[in-house]
Amino acid sequence: MEPAVQLRGAVTLLGRFPALAGIDLDVAAGEIVLLRGPNGAGKTTLLRLCAGLLPVARGTATVLGHNLTDRRQARSLRRRVGLLGHATGLYDELTVSDNVRFWGRAAGASSEDIVGALAACGLDGRLADLAVLSLSAGQRRRTSLACLLARRPELWLLDEPHAGLDQDGRDLVDGLVHRAVQAGATVLMASHDLDRAEALADRVVTVVGGTTTAGAPGAGPTDAAPAAGTPAGGVALVP
Amino acid sequence: MEPAVQLRGAVTLLGRFPALAGIDLDVAAGEIVLLRGPNGAGKTTLLRLCAGLLPVARGTATVLGHNLTDRRQARSLRRRVGLLGHATGLYDELTVSDNVRFWGRAAGASSEDIVGALAACGLDGRLADLAVLSLSAGQRRRTSLACLLARRPELWLLDEPHAGLDQDGRDLVDGLVHRAVQAGATVLMASHDLDRAEALADRVVTVVGGTTTAGAPGAGPTDAAPAAGTPAGGVALVP
Amino acid sequence: MFRDAGLVAGKDLRIELRSRVTLQQVLPFAVLVLILFGVALDPDRGILTRASAGLFWVAVLFCALLAIQRAFTIEAADGGRDALRLSGLEPGGIFLGKAMAIAAQLTAVEALLAVGVVIMYGTEVTGVPLLVATCVAATAGMAAAGTLYGVLAAGLRVRETLLPILLLPVLSPVLIGATKAFEAALGGVAADGWPWCGLLLTFALLYLTFGTLAFGTLLEES
Amino acid sequence: MFRDAGLVAGKDLRIELRSRVTLQQVLPFAVLVLILFGVALDPDRGILTRASAGLFWVAVLFCALLAIQRAFTIEAADGGRDALRLSGLEPGGIFLGKAMAIAAQLTAVEALLAVGVVIMYGTEVTGVPLLVATCVAATAGMAAAGTLYGVLAAGLRVRETLLPILLLPVLSPVLIGATKAFEAALGGVAADGWPWCGLLLTFALLYLTFGTLAFGTLLEES
Amino acid sequence: MSAPRPTTGSPATRLLGGLSLAGLVLLLGYALWWSPADVVQKDSVRIMYVHVPTAIMAFTACGITTLASAMWLRRRSEGWWVLGGAAAEVGIVFTAACLVTGSIWGRPTWGTYWDWDPRITSTTLLFIMLVGYLALRRIDNESGNAAQRGMRAAIVGLLLFPNVMIVHYSVDWWRSLHQTATITRLDPSIEGTMLFTLMLGIAVFGLVFAWMLIHRFRVGWLEERVGATGLDAALLERRAEAGVAGGAR
Ligand code: HEM
Ligand SMILES: Nc1ncnc2c1ncn2[C@@H]1O[C@H](COP(=O)(O)OP(=O)(O)OP(=O)(O)O)[C@@H](O)[C@H]1O
Ligand SMILES: Nc1ncnc2c1ncn2[C@@H]1O[C@H](COP(=O)(O)OP(=O)(O)OP(=O)(O)O)[C@@H](O)[C@H]1O
Ligand SMILES: [Mg+2]
Ligand SMILES: [Mg+2]
């Protein structure tokens with residue numbers, strides 16, 4: 001079975017800055033992989049790259065069988081992935097349900113999916129008809145989670161999925177992730193909330209200075225690499 | 001010694017919605033108090049109220065001796081508090097150091113304070129001259145933390161201070177908070193990252209549905225109240 | 001593609017319904033511009049009546065600028081661009097959808113301005129068919145070109161200021177054509193006006209096709 | 001207070017330095033507006049020359065709109081408003097600072113537009129002292145009123161569209177006064193112009209004082 | 001800058017530069033002395049020998065920009081990107097020159113610096129389009145990078161020439177409906193020395209244009225190279241962060 005994500009010495013530039021300076025990463029289909037690393041390491045950039053939103057300046061990147069060095073393939077990949085990022089991409093004026101409906105429909109979701117997604121994220125009831133701009137931070141987060149859920153992506157890219165959520169919000173995320181994986185999806189997430197994230201993940205990859213290998217570049221997959229200078233090592237947890 | 005924060009049945013409306021529906025809260029000077037509670041409970045609103053940014057619809061609110069029901073006093077309070085919120089209030093076009101300098105100067109900080117704040121938040125070196133718009137989430141967070149630090153506020157209002165920060169970023173926050181308290185400041189923070197936050201705090205207050213008492217409003221201070229509907233109880237930890 | 005267009009247009013119009021921006025702000029602005037011209041071009045000189053066609057279209061142009069800016073402020077809201085690119089909507093559909101929404105609002109603006117011009121500048125209306133045809137063609141052209149350049153400027157934090165200088169030169173032919181056609185119609189010699197109307201139509205078709213094709217490439221860039 | 005004003009003005013001008021918005025976008029827009037008028041008001045009728053005073057000020061007005069919008073887009077960036085309210089800067093200082101920055105940019109715009117009008121509309125310049133005095137007074141007035149209303153619109157996500165209809169009516173006296181003064185100066189009877197210039201001055205002083213005092217209250221309305 | 005010598009010159013360009021210099025001198029001679037004054041316009045006609053060529057070069061430039069943008073959209077190769085920018089920058093200079101010489105010429109000829117002549121109007125609009133294009137390009141240069149950058153600028157560049165044409169003809173048509181008497185055009189069939197001088201002017205300014213374009217192109221190219229060679233260094237530096245990992249540095 002082909003790997004969901006396969007990066008080899010992938011380099012991505014933001015401006016002139018190589019935010020990703022040679023990433024080697026393999027994620028098998030159905031796997032849950034956690035990206036960890038210091039601020040500015042390149043986790044968000046890596047996730048956006050895997051979503052086909054950023055060009056590959058050097059090296060190779062294959063996601064769900066799409067070769068990202070080819071713009072056309074990158075574009076066709078996008079509708080198959082779901083990205084939960086720092087920015088939500090919600091329309092402030094519209095209500096929670098309107099937002100979820102719009103983004104869901106855009107990806108061809110059925111009404112049931114949409115209603116289901118709203119319910120699953122605890123957004124039915126009062127909140128459903130509230131304009132997004134009046135939501136609390138966590139409620140916004142739940143809304144974009146619902147949008148992602150409604151799209152039923154094959155590859156989940158979660159940027160700090162637990163951030164801003166309360167306790168059962170976090171349990172909710174874990175539950176959704178597990179269910180998605182059972183349904184055949186693959187999950188790649190970045191988080192600083194290590195206890196929870198590591199518990200959730202099958203495997204931990206450490207990103208530092210835009211590389212998956214602490215220090216020397218391009219030294220093959222580094223899933224069990226020593227997590228240079230980060231408290232708990234990036235050991236591979238196999239549940 | 002007067003309490004830093006004293007709320008009695010405080011009610012605040014966002015639009016028509018009573019985001020705060022009767023808050024009773026006492027924070028002694030030099031104390032570190034943690035607000036916890038589900039999403040949408042009203043934590044952020046409460047912090048903004050304590051910053052003098054929101055009007056008190058009912059009840060009384062006294063912060064650092066300023067009676068917030070009086071607009072003029074509320075306004076004069078503001079320069080004495082520092083708020084680290086969901087939104088950063090940074091100028092994207094300006095560099096990190098320009099931002100910290102501007103907000104620091106605005107509050108009458110000396111150049112040493114500003115340089116010190118930058119260094120303390122690990123923003124010297126490359127990052128200092130980077131435009132804010134090109135920062136990573138955590139780096140932004142660090143920048144607004146530096147702005148707050150440069151202002152040397154007497155009351156620190158921290159909304160999810162650990163969110164988005166890496167491990168030593170979080171240690172950094174804890175260190176800054178402790179030092180601030182030693183310097184005589186008071187800290188009121190809201191967080192979902194309970195393990196860390198509870199370890200940092202002297203006392204935990206649970207906010208649910210806009211009240212500090214789960215259920216009936218205005219039932220006196222509830223510092224040791226049962227944390228209705230939240231996983232781990234809001235027990236009072238006294239270090 | 002047209003399904004996507006409908007989806008996007010519907011979304012934009014729903015947002016308009018909730019925020020009432022066009023209704024409560026763009027339309028009053030239109031009237032204001034007319035008044036400003038009235039104030040600036042001392043009425044006694046009868047300039048207003050004679051130049052009403054031109055003034056009408058300048059006013060429309062400025063309102064269009066406002067409407068287009070608004071249409072892309074919506075999208076520029078945080079991460080909206082990435083969201084659109086991931087959405088799975090066909091770029092062509094997005095383009096048509098937003099263009100339709102903008103056109104709808106412009107039509108309202110033009111209707112109001114027309115009434116305003118007649119009332120305030122005392123213009124007699126003649127050659128209605130030409131007038132209507134011109135409005136339709138011009139609106140389509142402005143909406144198409146506006147959407148194209150709007151998305152160019154969207155996401156930049158200098159949107160408000162960059163859009164005008166990108167868009168206005170491009171729209172100047174529309175201004176010329178529409179003004180000429182209107183003058184012909186109001187001057188009673190509609191025959192002179194139709195060729196201008198044709199120019200407008202070709203302009204509109206040109207930008208509609210180009211936009212539908214090129215929009216994907218545009219969205220792709222981040 | 002003036003220290004704060006300097007701080008804020010300096011910050012705004014530094015941002016302008018980095019983004020070059022006025023230089024690369026507002027100024028070309030000014031020229032563009034002149035051309036649009038030229039295109040819309042058929043030049044041969046000599047309307048342009050006769051109405052150049054009015055057109056000049058309408059153009060300035062639109063550019064001012066752009067500049068003010070830009071000045072508050074900067075502040076509206078996320079949470080900027082709360083930050084300002086907590087900053088400890090004196091509201092009066094913030095007001096003066098931003099007004100100063102805006103005035104500086106408007107002056108550049110007016111200089112360019114003046115040259116443009118002279119060249120394109122073939123206006124002969126007479127009564128320079130009155131012209132200059134008018135520009136100074138009008139600029140101060142626009143900057144003051146603009147800052148005042150700009151902060152009202154800032155932070156609202158409908159800024160682009162709301163600001164114009166808040167601001168333009170307020171500025172219409174400036175438009176009238178300045179136009180009249182210019183016509184007088186260009187018409188060669190400067191004497192008729194000075195009273196208008198006086199009106200502008202009072203307008204400016206009025207808004208400057210009011211703004212300095214009321215800005216605090218305005219920052220409140222979030 | 002990683003250029004061997006701090007110059008973008010080369011034998012070829014120096015030859016070109018020399019030629020255009022010599023040509024300018026020759027043109028000066030013809031324009032100011034050897035060519036006769038015009039019956040209608042007297043000596044003021046001599047500006048034409050600068051004015052008309054600059055105008056033509058301005059249009060050539062924006063044609064090149066459009067071509068380069070199109071090619072860049074297809075090939076995504078740096079060269080085209082740089083060329084587009086270089087042509088636009090040189091073009092804006094020539095457009096300005098055309099505007100200035102034109103209006104200077106207008107003074108004696110039309111008695112005004114400006115006339116709503118179609119070519120004038122459209123040239124000015126062209127000028128602003130170029131400003132917009134360059135502004136956008138600057139933004140893209142900041143926010144973008146070799147691969148993703150310039151989509152906006154490229155599209156605007158692609159539309160540049162078509163737009164100029166549309167504008168030009170609509171303006172032309174607009175004015176020609178009732179041609180103004182103020183403009184007393186030389187009858188196009190100017191002959192003899194004048195025609196030769198005009199042609200010479202066009203040729204010479206063609207050389208100058210090419211010379212400027214090449215140099216601007218090379219500067220742009222070197223900047224690109226700096227970016228590219230800088231990349232390896234930047235990569236190492238970035239990876240080095242891993243060593244001192246931890247802080248946001
Ligand atoms: C599109 C760019 C332009 C082109 C291709 C162009 C071309 C020409 C040519 C070929 C002539 C001499 C032959 C003739 O009179 O027909 C001419 C004359 C003239 N042009 Fe231009 N021109 C351009 C722009 C301008 C501009 C921007 C101005 C003034 C601001 C201007 C002012 C004049 C004047 C004053 C004359 C001489 C008077 C006359 O011959 O009628 N031109 N132009
Ligand atoms: N234009 C630029 N110039 C220089 N550096 C840049 C530029 N744009 C981005 N960067 C750097 O690229 C990195 C982006 O990293 P990214 O946002 O992926 O970090 P991250 O791992 O998500 O960090 P966090 O944990 O804080 O979210 C940051 O270090 C940022 O400083
Ligand atoms: N205009 C409005 N109408 C209705 N409800 C509103 C309105 N504005 C805000 N609210 C509600 O007020 C509450 C605001 O709470 P607040 O942002 O303080 O939550 P919080 O405790 O910070 O939550 P989080 O942990 O997610 O940050 C939310 O429940 C929100 O839904
Ligand atoms: Mg990140
Ligand atoms: Mg909150």
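Chain letters run A, B, ... following the sequence lines, proteins first and then strands; every chain starts at 1.
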Could you give the distance from CZ (B/R141) to CG (B/D166), rounded to the nearest 0.5 Å?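 Taking CZ in B/R141 and CG in B/D166, the distance rounds to 13.0 Å.
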
Is it the backbone or the side chain of A/L165 that comes under 4.5 Å from a heavy atom of chain B, or both, or neither?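 Answer is both: backbone and side chain atoms of A/L165 are under 4.5 Å from chain B.
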
Of the backbone (N, CA, C, O) and the side chain (C-beta and beyond), which part of A/R142 lies under 4.5 Å from a heavy atom of chain B, both, or neither?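 Only the side chain of A/R142 comes within 4.5 Å of chain B.
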
If I measure from the heavy atoms of chain A, does [X] come under 4.5 Å with its side chain, its backbone, both, or neither?
{"X": "B/L135", "value": "neither"}
{"X": "B/R196", "value": "neither"}
{"X": "B/D195", "value": "side chain"}

Taking B/N99 for its side chain and B/L90 for its backbone only, find out whether a donor-acceptor pair lies under 3.5 Å.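 Judged by distance alone, no pair lies under 3.5 Å.
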
Indicate whether any N or O donor in one side chain lies under 3.5 Å from an N or O acceptor in the other, for B/T95 and B/D129.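 On atom types as modelled, these side chains do not qualify, holding no pair under 3.5 Å.
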
Where A/R126 and B/F17 come nearest, the two heavy atoms and their spacing: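 In this case the closest contact between A/R126 and B/F17 is NH1-CE1, 3.2 Å.
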
Does any non-hydrogen side-chain atom of A/S144 lie less than 4.5 Å from one of A/L148?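 Side-chain contact under 4.5 Å: no.
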
